[in-house]
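Here the structure comes first, spelled out in structure tokens, and everything after it is commentary.
Below, each value reflects all heavy atoms present in this structure, side chains not excepted, and no hydrogens, waters or symmetry copies. From a predicted model like this one, the values you see are computed outputs, not experimental measurements.
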Amino acid sequence: MTAHLDLTSDSTSDSELKDILFADICDRLATHGYVVLHNVLAQPMLQQLLDGITGLAEEDFKSAAIGRQQDQQVVESIRRDKICWLNESVEFAKAYFDWSEELRLAVNRYLYLGLFDQEAMLAYYAPGAFYKRHLDAFRGQTNRKLTSILYLNPDWQPSHGGELLMYEGDETTPFQVVEPRFGTMVIFLSELFPHEVSLSHHDRYSLTSWYRINDGMPGH
């Protein structure tokens with residue numbers, strides 16, 4: 001299931017196109033719980049993100065941990081990516097955060113999810129990195145409600161690996177394989193879909209946002 005929209009149409013304004021896009025995203029979330037989108041963000045925004053990300057220093061990244069709060073620990077048998085947290089003050093990500101805020105408001109308007117805010121994380125997978133099957137949120141135990149992942153990998157090839165594998169329940173065969181191509185975005189309900197990142201054979205970047213509800217529990 002993939003959403004395709006002609007963002008270059010001369011007969012429809014940018015505002016109207018965005019309204020159509022957000023309505024389509026919400027419809028697919030309501031029906032299927034997830035949506036995969038291609039070239040949904042403008043190329044200048046994607047290029048600005050890529051330039052900013054590749055300009056970060058090595059010390060801006062840290063080894064990713066698993067667990068919550070004081071229980072967090074680095075377990076390389078489960079995940080080997082490195083991460084860098086981003087926020088609205090990061091100049092190269094401002095346009096992305098503006099778009100993400102519009103998405104948050106649209107989802108609340110259409111689906112009444114009560115999304116309160118978001119946290120955003122850049123992930124870098126060096127060759128040999130992976131992230132085993134996991135859930136972004138467990139029912140009743142976290143305030144993460146919606147996940148979006150944007151891929152920023154120009155000239156991605158199947159030999160590069162690093163695909164996102166999405167599962168339903170306890171199934172062992174993925175129902176969806178998302179290639180981490182430049183500009184591809186997947187959005188899904190955080191509690192519903194276990195997923196993993198397959199072994200990467202090439203430098204791989206993704207920008208993940210978790211949209212949270214204000215349930216009185218601390219974020220993680």
[Y] and [X], any side-chain heavy atoms less than 4.5 Å apart:
X	Y	result
Arg181	Trp156	yes
Asn87	Val90	yes
Val197	Glu163	no
Leu50	Phe182	yes
Leu164	Pro180	no
Gln118	Ser209	yes
Cys84	Met121	no
Ile149	Thr184	no

Between the main-chain N or O of [Y] and the side-chain N or O of [X], is there a donor-acceptor pair closer than 3.5 Å?
X	Y	answer
Trp85	Glu119	no
Arg204	Gly162	yes
His134	His195	yes
His32	Ala30	no
Ser190	Thr147	yes
Thr31	Arg28	no
Asp81	Tyr125	no

Any link between [X] and [Y] through a network of hydrophobic side chains (Ile, Leu, Val, Met, Phe, Trp, Tyr) touching at under 4.5 Å?
X	Y	answer
Phe130	Leu122	no
Leu29	Tyr110	yes
Leu199	Val178	no
Leu113	Val186	yes
Leu150	Leu165	no

We want to know whether Tyr205 and Thr54 form a side-chain donor-acceptor pair, criterion being a heavy-atom distance below 3.5 angstrom.
no
Discussion item. Centre-to-centre under 6.0 Å for Phe22 and Trp99, is that the case here?
Written reply: yes
Closest heavy-atom pair and its distance - [X], [Y]:
X	Y	result
Val177	Pro174	CG2-CG, 4.3 Å
Ala106	Cys26	O-SG, 3.9 Å
Gln48	Ala95	OE1-CB, 4.3 Å

Any chance you could measure [X], atom [atom1], to [Y], atom [atom2], to the nearest 0.5 Å?
X	Y	atom1	atom2	value
Glu179	Ser198	CD	OG	10.0 Å
Arg104	Arg212	CZ	CZ	11.5 Å
Ile25	Ile20	CD1	CD1	12.0 Å
Leu103	Lys18	CG	NZ	10.5 Å
Thr208	Met185	OG1	CE	9.5 Å
Leu189	Tyr34	CG	OH	12.0 Å

In terms of the angle between their ring planes, are Phe193 and Phe175 parallel, tilted or perpendicular, with boundaries placed at 30° and 60°?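 Rings of Phe193 and Phe175: tilted, 30 to 60°.
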Worksheet entry | Worked check of side chain to side chain contact (heavy atoms under 4.5 Å, CB included) between Glu101 and Asp98 | CA-CA 5 Å; Glu101 175 64 8; Asp98 288 344; 5.9 Å; no
- Message: Quick check on side-chain contact (heavy atoms from CB on, under 4.5 Å): which of Asn143, Leu105, Ile213 does Leu115 satisfy it with?
- Response: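 With Leu115 as partner, Asn143, Leu105, Ile213 yield a single side-chain contact (heavy atoms from CB on, under 4.5 Å), made by Ile213.
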Is it true that Glu88 and Lys94 make a salt bridge, defined as a side-chain N closer than 4.0 Å to a carboxylate O?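 No, no charged N to carboxylate O under 4.0 Å.
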*asked:* Between Asp136 and Arg144, does any side-chain N to carboxylate O distance fall below 4.0 Å?
replied: no
Is the charged tip of Arg79 near the ring of Tyr131: under 6.0 Å from the six-membered ring centre and within 45° of its axis?
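Pair Arg79/Tyr131 counts as cation-pi.
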Discussion item. Using a 6.0 Å distance limit plus a 45 degree cone around the ring axis, check whether Arg133 lies over the aromatic ring of Tyr167.
Written reply: yes
Exercise. For Tyr124 and Asp203, run side-chain hydrogen bond (donor to acceptor under 3.5 Å, both in side chains): C-alpha distance rounded to whole Å, both residues' side-chain angles, the deciding distance at 0.1 Å, then the answer.
Key: CA-CA 7 Å; Tyr124 164 62; Asp203 288 346; 2.8 Å; yes
Passes side chain to side chain contact (heavy atoms under 4.5 Å, CB included), Val36 versus Gln176? Steps please. CA-CA 10 Å; Val36 180; Gln176 181 75 45; 4.2 Å; yes
Using side chain to side chain contact (heavy atoms under 4.5 Å, CB included), reason through Tyr211 and Ser148 one step at a time and then give a plain yes or no.
CA-CA 8 Å; Tyr211 300 85; Ser148 74; 3.7 Å; yes
Open item on the list: For Asp51, I'd like to know if atom CG has over 12 heavy atoms of other residues, nucleotides or ligands within 6.0 Å.
Closed with: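 Yes, CG of Asp51 has more than 12 neighbouring heavy atoms, counting only those of other groups under 6.0 Å.
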Pair Glu58-Lys82, salt bridge (charged side-chain N to carboxylate O under 4.0 Å, His left out): steps then yes or no:
CA-CA 10 Å; Glu58 185 177 349; Lys82 294 184 179 295; over 6 Å; no
